[in-house]
Amino acid sequence: LFMGLGFMATHVIGRRVLERFEGFLLRIPVVSSIYAGTKQILQSFKGAGSSARFQRVVVIPYPAEGSYLFGFATGRLSEGGTGREMTMVFVPTAPNPTTGLIVAVPSSEVRDCDMTIEEATKMLFSGGLVTPVRPITFKEPSA
């Protein structure tokens with residue numbers, strides 16, 4: 001009986017409370033646009049079984065030598081005519097990750113970063129205020 005009540009409170013009643021709270025948030029003009037966009041991005045990160053998700057955290061050189069732009073590798077393609085392999089990189093803008101750029105970068109210039117997607121997302125949402133405590137390393141570009 002107690003387990004059944006606990007299950008109902010957690011899954012049935014709790015879900016309804018969250019749905020009503022979410023409905024309330026979506027009625028507030030400015031909050032609704034931020035909340036809806038953020039929720040959509042977080043759900044795309046959670047999509048473990050989905051093939052449409054970020055593959056890894058990468059850095060690309062920008063704007064000057066020794067400076068890097070953080071992004072998420074989303075796929076690869078071959079440049080027409082030259083056959084050069086390009087990596088598609090989504091570069092979100094901080095602190096609003098619902099917008100960003102898709103950049104095709106030569107794979108030879110893309111460096112993998114040992115940050116997890118979760119760590120990079122936290123860093124992005126905080127505008128760089130929340131960074132991993134451990135040192136971050138960039139791997140050499142793959143040829």
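All of these numbers come straight from a predicted model, not from anything done at the bench. What you see below is based on every heavy atom in this structure, not just the backbone, and it leaves out hydrogens, waters and symmetry mates.
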The test is side chain to side chain contact (heavy atoms under 4.5 Å, CB included); show your working for Ile28 and Tyr35 and say whether it passes.
CA-CA 10 Å; Ile28 303 171; Tyr35 176 76; over 6 Å; no
Check whether any side-chain N or O of Thr74 sits under 3.5 Å from a backbone N or O of Phe90 as a donor-acceptor pair, and report yes or no.
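Judged by distance alone, no pair lies under 3.5 Å.
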Sidechain-backbone polar pair: Asp114 side chain, Thr137 backbone, donor-acceptor under 3.5 Å:
yes
What about Leu101 and Val110, same hydrophobic cluster or not, with Ile/Leu/Val/Met/Phe/Trp/Tyr joined at side-chain heavy-atom distances under 4.5 Å?
yes
Among the clusters formed by ILVMFWY side chains lying less than 4.5 Å apart, do Leu18 and Phe24 turn up in the same one?
no
Residues which pass side-chain contact (heavy atoms from CB on, under 4.5 Å) with Ser32, listed by chain and number, not counting sequence neighbours
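Result, side-chain contact (heavy atoms from CB on, under 4.5 Å) vs Ser32: Leu26.
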I'd like to check the side-chain contact (heavy atoms from CB on, under 4.5 Å) partners of Glu19; sequence neighbours left out, ordered by chain and number.
Arg15
Could you tell me whether Phe138 atom CZ has more than 12 heavy atoms of other residues or ligands within 6.0 Å of it?
yes
Just wondering, are more than 12 heavy atoms of other shown residues or ligands nearer than 6.0 Å to CZ in Arg16?
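12 or below, so no.
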With side chain to side chain contact (heavy atoms under 4.5 Å, CB included) as the criterion, how do Val57 and Thr116 come out once you've worked through the C-alpha distance, each side chain's angles and the decisive distance to 0.1 Å?
CA-CA 7 Å; Val57 179; Thr116 65; over 6 Å; no
Can you tell me how far apart CD (Glu85) and OG1 (Thr82) are? Round to the nearest 0.5 Å.
11.0 Å
Distance check, rounded to the nearest 0.5 Å: Met115 atom CE versus Phe70 atom CZ?
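Reported to 0.5 Å precision, the distance equals 5.5 Å.
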Hey, does [Y] have a side-chain heavy atom less than 4.5 Å from the side chain of [X]?
{"X": "Ile117", "Y": "Glu119", "result": "no"}
{"X": "Glu109", "Y": "Ile60", "result": "no"}
{"X": "Val130", "Y": "Met123", "result": "no"}
{"X": "Met86", "Y": "Ser78", "result": "no"}

I'd like to know whether Val89 forms a side chain to side chain contact (heavy atoms under 4.5 Å, CB included) with Val58, so could you lay out the CA-CA distance, the side-chain angles of the two residues, the decisive distance to 0.1 Å, and finally the verdict.
CA-CA 8 Å; Val89 179; Val58 297; 3.9 Å; yes
Heavy-atom pair with the smallest gap, counting every atom of Thr87 and Arg56
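Of all heavy-atom pairs spanning Thr87 and Arg56, the closest is CG2-NH2, 4.3 Å.
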Restricting to non-hydrogen atoms, name the atom on Arg111 and the atom on Tyr68 that form the minimum distance, rounded to 0.1 Å.
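In terms of heavy atoms, the two residues are closest at NH1-OH, 2.7 Å.
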Kindly determine whether Arg76 and Met88 satisfy side chain to side chain contact (heavy atoms under 4.5 Å, CB included), including the steps that lead there.
CA-CA 6 Å; Arg76 293 182 183 230; Met88 300 303 295; over 6 Å; no
Please give the remaining members of the hydrophobic cluster of Val133, linking ILVMFWY side chains under 4.5 Å, ordered by chain and number.
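Traced through the cluster, Val133 reaches no other member.
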